[in-house]
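This report concerns only the one structure given below.
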2 protein chains.
Amino acid sequence: MTIADVARAAGVSKMTVSNVTSGRVGVRPETRARVLAAIEHSGYQVNPLARALAGGRSRLIGITVPSLSWPYVGEIVQGASQAAEAAGLDLAVFTWPSGQPLPDGLALLRHLTGGLLSILPPDLEDESIWPRSAPSPPQVSVGGPGRYQLLVDNYGGARQAAAYLADLGHTRIAHIVGATDTAPHDAAERLRGYRDELHSRGLALPDAYVSPGTYHERSGLDAAQALLRLPDPPTAIFAANDAMAVGAVHAAQDLGLRVPHDLSVVGFDDLPSARAVRPNLTTVRQPLRDLGRLGVLWLGALARGEQPSSPHILPTELVVRESSGPGPSRFKGVL
Amino acid sequence: MTIADVARAAGVSKMTVSNVTSGRVGVRPETRARVLAAIEHSGYQVNPLARALAGGRSRLIGITVPSLSWPYVGEIVQGASQAAEAAGLDLAVFTWPSGQPLPDGLALLRHLTGGLLSILPPDLEDESIWPRSAPSPPQVSVGGPGRYQLLVDNYGGARQAAAYLADLGHTRIAHIVGATDTAPHDAAERLRGYRDELHSRGLALPDAYVSPGTYHERSGLDAAQALLRLPDPPTAIFAANDAMAVGAVHAAQDLGLRVPHDLSVVGFDDLPSARAVRPNLTTVRQPLRDLGRLGVLWLGALARGEQPSSPHILPTELVVRESSGPGPSRFKGVL
DNA sequence: CGGGTTGATTTTACCGGTATAATTTAGCGG
DNA sequence: CCGCTAAATTATACCGGTAAAATCAACCCG
């Protein structure tokens with residue numbers, strides 16, 4: 001079933017059929033009806049491959065993600081998905097594990113000229129990964145390097161968290177750092193924000209209060225356990241993501257501490273699970289769905305020849321729930 | 001940069017370049033080297049679109065999923081992803097919300113003849129959704145209808161769970177049913193397994209013990225709350241998935257009950273989060289990654305002309321952790 | 001009633017590859 | 001050194017569409 005078959009059946013030229021299927025104007029209603037009937041009757045469907053090859057464009061956009069079992073990523077994709085649907089675009093998701101070479105599937109995307117949205121890309125600039133002089137569809141990078149980048153205010157968010165805990169009266173605030181391999185930028189910025197905020201308030205910051213993690217729940221548990229066994233343990237822990245914050249809560253509970261009474265815990269992300277956990281997690285909300293949504297919008301703008309101002313940094317928002325409370329010093333003052 | 005440019009630069013015909021890039025034999029090493037040099041020098045990359053259009057095949061396979069923020073789905077995709085990589089295939093993920101019409105992106109896939117793996121497809125057979133007489137790439141369905149289906153033994157898994165709880169001495173075992181819209185088959189089968197097992201043991205099964213849910217944590221919480229407030233509350237709850245089981249645990253804790261001492265809870269899925277929750281969840285493990293892996297393997301087999309025996313039903317496995325314990329009747333017997 | 005428009009439709013060429021058949025080249029025995 | 005065969009290479013056609021230019025028809029007006 002090709003366009004030629006339909007044309008023959010309808011008694012018109014291929015081009016007229018093409019004009020009908022592409023919704024172009026300048027086809028007599030009567031002719032259009034005949035073509036439509038022939039299409040209906042034959043069950044014909046345009047071949048998007050041929051269309052993209054000949055037409056030089058396509059309604060398919062690609063999105064690359066480091067992993068799909070990371071809920072964080074799912075949220076972004078969900079946002080992108082909705083925006084794509086609203087814009088009448090199709091979204092194909094490709095996993096591109098960080099550090100890996102470019103999968104061949106991406107070669108397809110590069111020729112499918114709808115555009116490419118990369119979540120935490122290994123490195124969009126690195127020529128050893130992404131061959132140079134390749135035809136480049138519009139590309140937008142989320143949380144990584146690139147010509148057009150969409151970022152979250154990790155630094156500001158971390159300061160918000162630290163400031164919030166300090167305002168509650170906590171003076172011994174520890175931090176569990178995120179993974180420095182998969183998303184080096186984010187982890188480093190959150191650490192910097194935390195450091196700067198404590199510093200600006202003249203709070204002590206022993207080296208032992210900065211504990212490395214991997215973004216996984218287990219690493220948060222281990223790190224918190226070590227922190228809480230310190231001779232001078234923290235009364236609040238700011239974890240670089242929600243999963244590690246949950247781990248920290250569990251570590252505290254294992255040691256017989258109550259959250260938030262004995263230990264305040266603040267996370268980062270505000271994934272849906274932050275609300276499905278006991279106690280509900282106080283956390284720094286990242287606008288993940290907006291990230292995906294904006295990415296698709298930018299792709300659309302780029303296709304129209306517009307140039308979004310890059311980088312664009314989205315603000316975070318502190319969401320106070322049940323895992324955080326007044327610090328011990330504040331209590332003492334009240335009593 | 002097209003194949004013609006490379007051919008000109010290397011002083012050979014397009015066809016020779018094609019033979020080199022496709023790894024076909026019958027090219028003199030010396031010629032091959034010259035072509036390779038020209039490719040290297042120009043940064044040429046084959047256009048997979050043109051190749052698929054002309055050659056009638058492709059190494060790209062598609063996978064459709066109802067949603068990407070469902071962790072359940074992420075696991076399957078992860079499995080498929082690994083298998084695809086191992087097989088040298090590229091995997092593109094398309095979201096196809098249940099009940100929705102077929103996204104255009106799938107039209108692309110249908111012409112990119114690598115094959116299609118559908119997770120919980122709305123209905124692969126329904127012609128109003130998936131137009132008939134379309135060129136059909138090999139299609140495998142996971143957990144849904146279709147010519148080649150890969151299923152999990154939901155019925156058996158539910159019986160395992162119910163049997164386990166009964167063996168522990170529980171006699172009042174309730175069930176929180178899964179969503180009947182998104183994955184009607186799974187929810188119904190789990191309910192049936194639960195029913196049959198209790199029945200075969202002559203255990204009472206009041207209507208009130210079967211409570212509807214939506215697979216979300218919140219619905220599990222609500223359902224469990226209602227169950228526990230019954231005049232004759234259950235001592236064990238089998239939830240149709242892990243999220244609702246977590247909700248049930250929370251409901252119990254809210255009412256001052258201890259899990260597993262006062263209430264045993266068993267889930268279904270064994271997602272990574274089942275281990276990151278307190279108490280660790282006893283649950284029926286679904287081989288989700290295997291499902292994805294097998295799906296890709298089947299696609300490969302179909303491409304080679306082999307015919308996997310369908311449907312194939314994968315067994316489940318009961319994973320006992322901390323959320324379940326002996327029933328009260330057993331205790332009484334011992335005392 | 002002929003020339004100028006406008007609108008609908010078709011013709012021709014091409015997108016960037018591959019299949020197949022035809023052609024050239026190389027190798028070999030006699 | 002010739003004829004024959006196998007290997008390497010190339011010419012041609014085609015995959016299924018679209019772009020742009022060309023054609024055709026109908027209409028308007030002086």
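Here is the naming used below: chain letters follow the sequence lines, and residue numbers restart at 1 for every chain. Computed over heavy atoms, backbone and side chain alike; hydrogens, waters and symmetry mates excluded.
- Along DNA chain D, the nucleotide nearest B:Gly26 and the nucleotide nearest B:Leu53 are compared for position; the residue whose nucleotide lies closer to the 5' end is B:Gly26.
- Residue-level contact check: A:Arg32 touches neither bases nor backbone, having no heavy atom under 4.0 Å from any strand.
- Between B:Ser22 and C:dT18 there is a side-chain polar atom (N or O) within less than 4.0 angstrom of OP1 or OP2.
- Side-chain N/O atoms of B:Thr16 include one lying less than 4.0 angstrom from OP1 or OP2 on D:dT10.
- Put simply, A:Arg57 has a side-chain N or O that comes within less than 4.0 Å of OP1 or OP2 on D:dA19.
- One interatomic measurement links the two molecules: CG of A:Leu49 to C1' of C:dG16, which rounds to 12 Å at whole-angstrom precision.
- Distance, A:Asp5 CG to D:dC14 C1': 14 Å, rounded to whole Å.
- The main-chain N or O of B:Val12 is never found under 3.5 Å from a side-chain atom of B:Thr16 such that the two would form a donor-acceptor pair.
- Within 3.5 Å, a donor on the side chain of B:Lys14 pairs with an acceptor on the base of C:dG17, or the reverse.
- Listed nucleotides D:dG17, C:dT11, D:dT9 differ in distance to A:Met15; the shortest reach to its side chain belongs to C:dT11.
- A straight line from CE of A:Met1 to C1' of D:dC15 spans 16 Å, rounded to a whole angstrom.
- Although no hydrogens or angles enter the test, the distance criterion places no donor-acceptor pair under 3.5 Å between the side chain of B:Arg293 and the main chain of B:Ala80.
- In summary, the aromatic rings of B:Trp70 and B:Tyr72 are positioned with their centroids under 6.0 Å apart.
- For the pair A:Val77 and A:Ile63, the minimum side-chain heavy-atom distance is below 4.5 Å.
- Nearest to the side-chain atoms of A:Arg24 among the listed nucleotides C:dC15, D:dA19, D:dA11 stands D:dA19.
- The closest side-chain heavy-atom distance from A:Gln307 to A:Arg147 is below 4.5 Å.
- Side-chain nitrogen and oxygen atoms of A:Ser13 include at least one within less than 4.0 Å of the OP1 or OP2 phosphate oxygen of C:dT10.
- Checking the phosphate oxygens (OP1, OP2) of D:dT9, a side-chain nitrogen or oxygen of B:Thr31 falls inside 4.0 Å.
- Contact annotation: the side chain of B:Leu60 never approaches that of B:Leu89 to less than 4.5 Å [non-hydrogen atoms, C-beta and beyond].
- Annotation: of the two residues near DNA chain C, B:Thr2 and A:Arg28, the 5′-most nearest-nucleotide partner is A:Arg28.
- Going from atom CZ of A:Arg34 over to atom P of C:dA8 covers 14 Å, rounded to whole Å.
- C:dT10 atom P lies 12 Å from atom CD1 of A:Ile3, rounded to whole Å.
- Closest to the side chain of A:Asn47, from the set D:dT9, D:dG16, C:dG17, is D:dG16.
- Closest approach to the A:Ala50 side chain among C:dT11, D:dA11, D:dG16 is made by D:dG16 (side chain taken as heavy atoms from C-beta onward).
- A straight line from CD1 of B:Ile39 to C1' of C:dG17 spans 13 Å, rounded to a whole angstrom.
- Projected onto DNA chain D by closest heavy-atom contact, B:Val25 and A:Asn19 fall at different nucleotides, the more 5' of which corresponds to B:Val25.
- Applying the 4.0 Å criterion to OP1 and OP2 of C:dG16, one finds that B:Arg51 has every side-chain N and O outside that range.
- Between B:Arg59 atom CZ and C:dG17 atom P the separation is 18 Å, expressed in whole Å.
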